[in-house]
A.B. asks: 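Before I ask anything, here is the structure I am working with.
Just so you know, these numbers come straight off a predicted model, no measurement behind them. In what follows, every chain begins at residue 1, and chains take the letters A, B, ... in the order their sequences are listed.
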Number of protein chains: 2
Amino acid sequence: MVTIHEVARAAGVAPSTVSYVISGKRSISPKTKRLVEESIRRLGYHPHAGARALASSRTSVLALVVPLRTDLNVAVVMQFVASVVKAARDHDHDVLLLTKDEGPAALQRVASSALADALIVMDVESDDPRVPMLLALDRPVVLIGAPDSPSGLPCVDLDFTAAGAVCVGHLADLGHRSIALVGPSPAVYRRGTSYAARFLRGFTDAARARRVKAVPRSCQHSYDAVSSGLDELFARHPDVTGLVVHNEAVLPAVLSDLRHRGRRVPEDVSVVAVCPDSMAENHPVALTTVAIPAEEVGALAVEMTVRSLGGHTSAETRLLAPRLTVRGSTTHV
Amino acid sequence: MVTIHEVARAAGVAPSTVSYVISGKRSISPKTKRLVEESIRRLGYHPHAGARALASSRTSVLALVVPLRTDLNVAVVMQFVASVVKAARDHDHDVLLLTKDEGPAALQRVASSALADALIVMDVESDDPRVPMLLALDRPVVLIGAPDSPSGLPCVDLDFTAAGAVCVGHLADLGHRSIALVGPSPAVYRRGTSYAARFLRGFTDAARARRVKAVPRSCQHSYDAVSSGLDELFARHPDVTGLVVHNEAVLPAVLSDLRHRGRRVPEDVSVVAVCPDSMAENHPVALTTVAIPAEEVGALAVEMTVRSLGGHTSAETRLLAPRLTVRGSTTHV
DNA sequence: TTGAAAGCGATACCAC
DNA sequence: GTGGTATCGCTTTCAA
């Protein structure tokens, strides 16, 4: 292993000087700087992460807690992960991956053992049991999502309440008077996943405000569930002409089943999907969407985290405004 | 921060004793063991990861290199990641997430700075430029995938060559004489992604052996690409009655488009999908599949890695035998 | 069965 | 602008 001492000896300077060249925390003469950097490159020196962490109390690692379940939108989760990792690297940090189902103890462990400097937590629930524990941690935490009481924890997310309203608004503007929501799976609602609850609220409230009928439904991922769900939906509410799908996993199934039952999109049913823009074109009809800005959210979360690490302590909640893109799946009644 | 010294003082023993209680590397009297464990729990002690790494040259962290692109099977990648993380935790390790597009330098960095003890590398290419560098690393490496010349690096993967053959075999057994392959995107083939190449070879070779016609195609993810791809396919090869889809992302589009053009599954076209079993039921027709055993592969990769860390140096390549499950999407001609 | 103390490889303070 | 060195918290050898 190449150590800072070897680099120092090779460059004819003291170890501390090498350290300062690397960190830039004090001014160095151009000559020694050159000398040191040369030696570093020649020897292929990389500072020992553990030693560094021990001496500086900084690991340059962010812990990311993700839900690795299959009843969730895997593709979307992946986008979040990708953008967090990318943003982290842009800020010279690495990412340690934790899964939600290791429970709160894992967060404790990672924080207390100084495996990471800060935590980014996804898949937050409305009344998330992890919040109190996260507050007790002596490390910066940023939530992707928004519990009912963040209690001072900074949050980043799409404004799902507004998103629900935008979907309803768009369809109502087109003259639809009866709008159904195909939401996430029952399990997601059951455990009070924050984004699902917020979207539902936005959806329902906007419908009331616009005086249109709202028919909210949860939906499991299997084709049969989708199919029988739509059976029930149209049987009970034959007047439904607008569909908001907040569940990317079932999008193909919903579209396929609609066609199967002879309902054309958008002539007979208008469909608004809530999903990443990149998924809008992978369907028979280009979908009108409210985008899930995974990229921005991830980048923002990392930025806020890094800022916290810099000592800035702004516990703001940032809910990104929804963006509607009209494509081919919606039309007036 | 709670240190080993404080635990030691609380328990009335020496720090080294605490260390030994934790590691179990020497026998401890039941009494002191109890005492120490008690203090550990009471104080909420977690060993400092950096200090530990520094003293022991062990981080208990595995680096996982994943392709976070969107032209790949995101859902499948996610399954791999999930199973690796789970298996790693089962072996008392954490996972550091690296993306492929940071390039080979990132692997160097992580290895040399002792951020991780070992590397697990996904999305291996047939002639992967990272192989020589991985060999030069002084750390255990396990590949998920199989380059043409592993050069001694241990590999784990589904036997995609055999999988291609199984798909053809099943359809040929049912009497299909002309079989098309809907493969990954052109980009995946272009960069020589190992599994794509191996599957294609298995597919083609088996077709030749069985004297059936093979029509291999790559396929981009957009609906239009799928649709025009099938246009071309059926125009040029109207005799095709068997379809092998090795591209989960386009599965819904393929099925939807088949129905659209009036080809019923399985009456007119038999479809075999290569995808995780969990995706078989999310379609109008339950799909006959050759499973991608992400779970097993991930777990196996971790096991091999941990074994390597234990000093066992078996550079074997383990290709898991494909498993065909017949469901509703295939039938005899 | 236990304790004392020498490192591990950086950082950052104190001198000059 | 540079060097010496105490320090971080743990592991492990040596000694008892």
A.B. asks: With a 4.0 Å heavy-atom cut-off, tell me which residues in residues 41-56 of chain B come close to DNA chain C, sorted by residue number.
C.D. replies: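 Listed by number, they are Leu54(B), Ala55(B).
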A.B. asks: Side-chain N or O of Ser16(A) less than 4.0 angstrom from OP1 or OP2 on dG4(D)?
C.D. replies: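 It does not, given that no N or O in the side chain of Ser16(A) lies less than 4.0 Å from OP1 or OP2 of dG4(D).
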A.B. asks: Once rounded to the nearest 0.5 Å, what's the spacing between atom OG of Ser60(A) and atom CZ of Arg52(A)?
C.D. replies: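 Going from OG on Ser60(A) over to CZ on Arg52(A), the span is 6.5 Å.
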A.B. asks: If I take atom NZ in residue Lys31(B) and atom C1' in nucleotide dT1(C), what distance separates them, rounded to the nearest angstrom?
C.D. replies: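 Interatomic distance, NZ of Lys31(B) to C1' of dT1(C): 11 Å.
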A.B. asks: Between Arg307(B) and Glu316(B), is the closest basic N to carboxylate O distance under 4.0 Å?
C.D. replies: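 Judged by the 4.0 Å cut-off on N to carboxylate O distance, Glu316(B) and Arg307(B) do form a salt bridge.
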A.B. asks: If you compare every side-chain N and O of Ser19(B) against the phosphate oxygens of dT11(D) (OP1, OP2), does one of them come in below 4.0 Å?
C.D. replies: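 Affirmative; the distance criterion is met.
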A.B. asks: Is any side-chain nitrogen or oxygen of Thr17(B) closer than 4.0 Å to OP1 or OP2 of dT2(C)?
C.D. replies: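 It does not, given that no N or O in the side chain of Thr17(B) lies less than 4.0 Å from OP1 or OP2 of dT2(C).
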A.B. asks: May I have the distance from Lys33(B) (atom NZ) to dT2(C) (atom C1'), rounded to whole angstrom?
C.D. replies: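 One finds 16 Å between C1' of dT2(C) and NZ of Lys33(B), rounded.
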A.B. asks: To the nearest 0.5 Å, tell me how far Thr99(B) OG1 sits from Met122(B) CE.
C.D. replies: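 If I round to the nearest 0.5 Å, the distance is 12.5 Å.
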A.B. asks: Specify the separation, in whole Å, of atom CZ of Arg9(A) and atom C1' of dG4(D).
C.D. replies: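 For the pair Arg9(A) CZ and dG4(D) C1', the rounded distance is 17 Å.
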A.B. asks: Are the side chain of Ser151(A) and the backbone of Ser149(A) linked by a donor-acceptor contact shorter than 3.5 Å?
C.D. replies: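 Answer holds: yes.
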A.B. asks: Looking at every heavy atom in both Ala88(A) and Val95(A), which two are closest together, and how far apart are they?
C.D. replies: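 It is CB-CG2, 3.6 Å.
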A.B. asks: Is there a side-chain polar atom (N or O) of Thr32(B) under 4.0 Å from OP1 or OP2 of dT2(C)?
C.D. replies: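 Yes, within the criterion.
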A.B. asks: Taking atom types as they are modelled, is there a donor-acceptor pair under 3.5 Å from the base of dT1(C) to the side chain of Arg26(B)?
C.D. replies: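 No such pair is found, so the answer is no.
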A.B. asks: Find the distance Ile4(A):CD1 to dA12(C):P and express it as a whole number of Å.
C.D. replies: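 About 11 Å, once rounded to whole Å.
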A.B. asks: Between Thr193(A) (side chain) and Ala196(A) (backbone), is there a donor-acceptor pair under 3.5 Å?
C.D. replies: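 No.
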A.B. asks: Over all strands shown, is Val2(A) touching base, sugar-phosphate only, or nothing at heavy-atom distances under 4.0 angstrom?
C.D. replies: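 Counting heavy atoms under 4.0 Å across all strands, the contact made by Val2(A) is with sugar-phosphate only.
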A.B. asks: Could you check Tyr20(A) against His5(A) and say which one's nearest nucleotide on DNA chain C is further toward the 5' end?
C.D. replies: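 It is His5(A), whose closest nucleotide lies nearer the 5' terminus.
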A.B. asks: Round to the nearest Å and state the distance from Arg34(B) atom CZ to dT2(C) atom C1'.
C.D. replies: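 One finds 17 Å between C1' of dT2(C) and CZ of Arg34(B), rounded.
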A.B. asks: What is the separation between atom CD on Glu6(B) and atom P on dG9(D), rounded to the nearest whole Å?
C.D. replies: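 Interatomic distance, CD of Glu6(B) to P of dG9(D): 9 Å.
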A.B. asks: Looking at dT12(D), I'd like to know if its phosphate oxygens (OP1 or OP2) sit under 4.0 Å from a side-chain N or O belonging to Lys25(B).
C.D. replies: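 Yes, within the criterion.
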A.B. asks: Is there a donor-acceptor pair under 3.5 Å between the side chain of Asp123(A) and the backbone N or O of Pro67(A)?
C.D. replies: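 Flag not set: sc Asp123(A) to bb Pro67(A) has no pair under 3.5 Å.
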